[in-house]
Amino acid sequence: MESSEAVPTGKGRNQEARELSLCQTTEELKTWNLNERQQQLVDASGLGNLKYMGDLAINRTMLRVFCELWSKETNTARFHDFEMAPSLRDTAYILGIPIIGRAVTTGAVLNMSSEELLLQYLGRVPGSKDCRGSRVKLSWLHSKFSQLSEHPTDKEIACKTRAYLLYLIGATLFSDKDKGYVSPKYLPLLSDFDKVREYAWGTAALAHLYKALSALASSHSIARKRLFGSATLLMGWIYEYIPAMRPEMEDDPALVVPRVCRWAGHAISQPAKEASDIRKAFSQLRVSDVNWEPYKGMDPASIPNICSAPDSICFSRTWLINFNVREVYLPDRFARQFGQEQHPVGDVGGFQRHQWNASVDWSLEYASEIKHFEQLINATRPDHTAVAATCKTTEDVFTPASTAREFPGLKLLAVVESIKKELPTITRFLEQRSLPVEVATSFARIHELLEDSHLKEGNAAVDAGGEGTSELTAPHPPAIPPHGPVPDEAVQNGSDRDGKAGEEEASEGSEDSEEDGSHKGRKRPPLRRSNRSCVQAKRFKNRGGKGSQASDPIVL
């Protein structure tokens with residue numbers, strides 16, 4: 001079925017539509033003739049669901065307006081008072097491809113030309129008219145490999161199936177700025193059909209889409225703009241989360257994976273909205289207008305194992321890698337998409353985007369980022385609970401987010417919710433410099449809650465108010481006021497917070513550091529854990545803890 005595009009009518013609409021060109025080429029996806037053996041290999045690769053991407057009509061005007069909301073610094077769309085973005089889970093469910101696995105990169109392409117790659121893995125080389133730089137025309141792949149001979153050999157089946165997979169990802173996931181071309185650099189990853197599914201193709205696709213949106217967001221040219229990411233993923237994502245933008249459905253389609261099938265073939269034709277109307281609708285969108293749980297009604301048994309999307313990975317800050325493409329992934333900025341409460345988050349330090357260079361081994365260039373992502377995967381248990389990853393990337397802003405883990409007698413989530421009830425008292429004290437007794441009592445309650453939860457002292461990061469000391473590191477803990485409790489180490493040793501705490505928290509505790517600096521080198525008497533709340537309350541007594549000593553008496 002040929003992919004159609006919802007193109008507005010009218011002069012103003014045509015002008016808006018012409019501004020955005022889609023680089024994905026899905027019209028010929030279903031014209032390849034695959035025999036039974038080829039279909040088995042494609043299904044085993046984990047990429048077979050991509051053939052459905054050509055069925056979804058794309059509203060280019062809507063995507064063009066959406067791109068205006070995109071922030072290339074945070075890789076999120078910024079609405080009135082909240083942020084959203086396609087997530088790893090959305091990619092897995094909408095497209096039906098794996099997001100868990102090895103990073104999509106390899107050193108096997110180092111210093112290899114496109115001709116050498118094509119000859120080695122496909123058995124033939126295109127003419128100069130079918131190449132542009134290091135890329136090859138999709139139409140050349142289709143014309144040379146879409147038909148099998150009457151009695152194909154195993155080698156022919158392997159080469160033509162490999163060519164189909166290259167065509168498939170090039171037409172859908174990794175569409176090039178030059179429409180209708182794909183890079184042969186993916187061929188080494190497609191060579192062993194038993195291992196193709198071991199790569200995180202969905203993660204690479206999301207990285208490619210983020211880069212495409214960021215390129216559009218930073219473009220001020222009046223020339224025609226091109227979206228070289230998966231328009232199908234973005235279109236399906238908008239339909240999932242923003243009901244006001246959905247087409248009118250003739251029936252209620254089944255909730256299946258890939259979710260793109262839910263929106264393809266079930267929409268009733270309707271006049272497209274003006275760009276100004278879409279822009280106004282986006283500007284008026286509020287939290288209550290968003291469907292934050294689009295997958296709530298899905299039967300877990302209907303989700304293929306290859307589309308597994310646990311919180312321990314999808315709700316973790318990390319890097320998304322696709323050879324030279326490296327994009328930051330910040331799900332704590334759109335926590336509501338994971339059923340979590342949204343807390344304020346800090347700014348993110350800038351990062352550099354790189355162009356393709358065949359002389360660079362990107363698997364080594366991004367070794368630390370890849371290690372961090374793979375540790376998130378390796379730290380995920382079969383039941384999708386997470387064990388803390390110990391790896392840090394070159395930027396300290398990335399810490400693995402974990403779902404709440406149960407402890408004997410009390411869930412950590414319940415502890416955190418109880419602690420949050422005490423925060424207003426502390427906040428009022430900071431604003432009014434009063435309520436010292438109530439503040440001390442709040443700390444005592446927090447201490448009792450943590451004691452009851454059987455948390456070990458070394459893992460009680462909430463109790464300590466610190467970071468990186470807990471197995472369970474939340475991506476967005478309740479904000480601690482700048483003059484709030486200090487970590488255990490600072491109470492016991494008089495030390496300040498680690499100066500390398502991360503880009504997001506670089507400004508936090510700067511005053512505390514200056515004030516506590518005078519205590520360096522002076523050994524304080526050890527404090528019993530049960531006295532921590534008292535000591536921290538004393539530090540609240542005078543703003544920033546000035547004039548307060550560990551030995552000062554306090555009346556509760």
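It should be emphasised that the depicted structure is a prediction, and the values quoted were computed from it without experimental measurement.
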N/O donor-acceptor pair under 3.5 Å between N378 side chain and E374 backbone: yes
Residues in side chain to side chain donor-acceptor pair (under 3.5 Å) contact with N49, at least two apart in sequence or another chain: none
Student check: side-chain heavy atoms of E240 and R262 closer than 4.5 Å: yes
Y329 side-chain N/O to C314 backbone N/O, donor-acceptor pair under 3.5 Å: yes
Note, L29 side chain near L50 side chain (heavy atom, < 4.5 Å): no
Salt-bridge present (E327, R353; N to O < 4.0 Å): yes
Minimum side-chain heavy-atom gap L206-I99 below 4.5 Å: no
R226 side, atom CZ; S21 side, atom OG - distance, nearest 0.5 Å: 5.0 Å
Interatomic distance, W70 atom CH2 to M84 atom CE [nearest 0.5 angstrom]: 10.5 Å
Pairwise side-chain contact, T91 with W237, heavy-atom cut-off 4.5 Å (strictly under): no
Ring geometry between H354 and Y366 (parallel below 30°, tilted from 30 to 60°, perpendicular above 60°): tilted
Rounded distance (nearest 0.5 Å) linking atom CZ of F66 with atom CG of N59: 13.0 Å
Stepwise salt bridge (charged side-chain N to carboxylate O under 4.0 Å, His left out) test for R286 and D81: CA-CA 7 Å; R286 297 296 183 265; D81 56 354; 5.4 Å; no
Sub-4.5 Å side-chain heavy-atom contact between V348 and E73: no
Atom pair CG/CE of L234 and M62 - distance to nearest 0.5 Å: 10.5 Å
Any side-chain heavy-atom pair of P310 and F315 under 4.5 Å: no
Any side-chain heavy-atom pair of L227 and L20 under 4.5 Å: yes
Euclidean distance, L233 CG relative to L95 CG, rounded to 0.5 Å: 4.5 Å
Atom pair CD1/CD1 of I278 and I242 - distance to nearest 0.5 Å: 11.0 Å
Pair E293-R336, salt bridge (charged side-chain N to carboxylate O under 4.0 Å, His left out): steps then yes or no: CA-CA 8 Å; E293 298 180 292; R336 293 185 183 93; over 6 Å; no
Heavy-atom donor-acceptor pair, H208 side chain to S175 backbone, under 3.5 Å: yes
Contact check, side chains of I303 and S308, non-hydrogen atoms, under 4.5 Å: no
Whether F82 and W292 hold their rings parallel, tilted or perpendicular, with breakpoints at 30° and 60°: perpendicular
R259 side-chain N/O to Y93 backbone N/O, donor-acceptor pair under 3.5 Å: no
Check: A335 main-chain N/O paired with Q342 side-chain donor or acceptor under 3.5 Å: yes
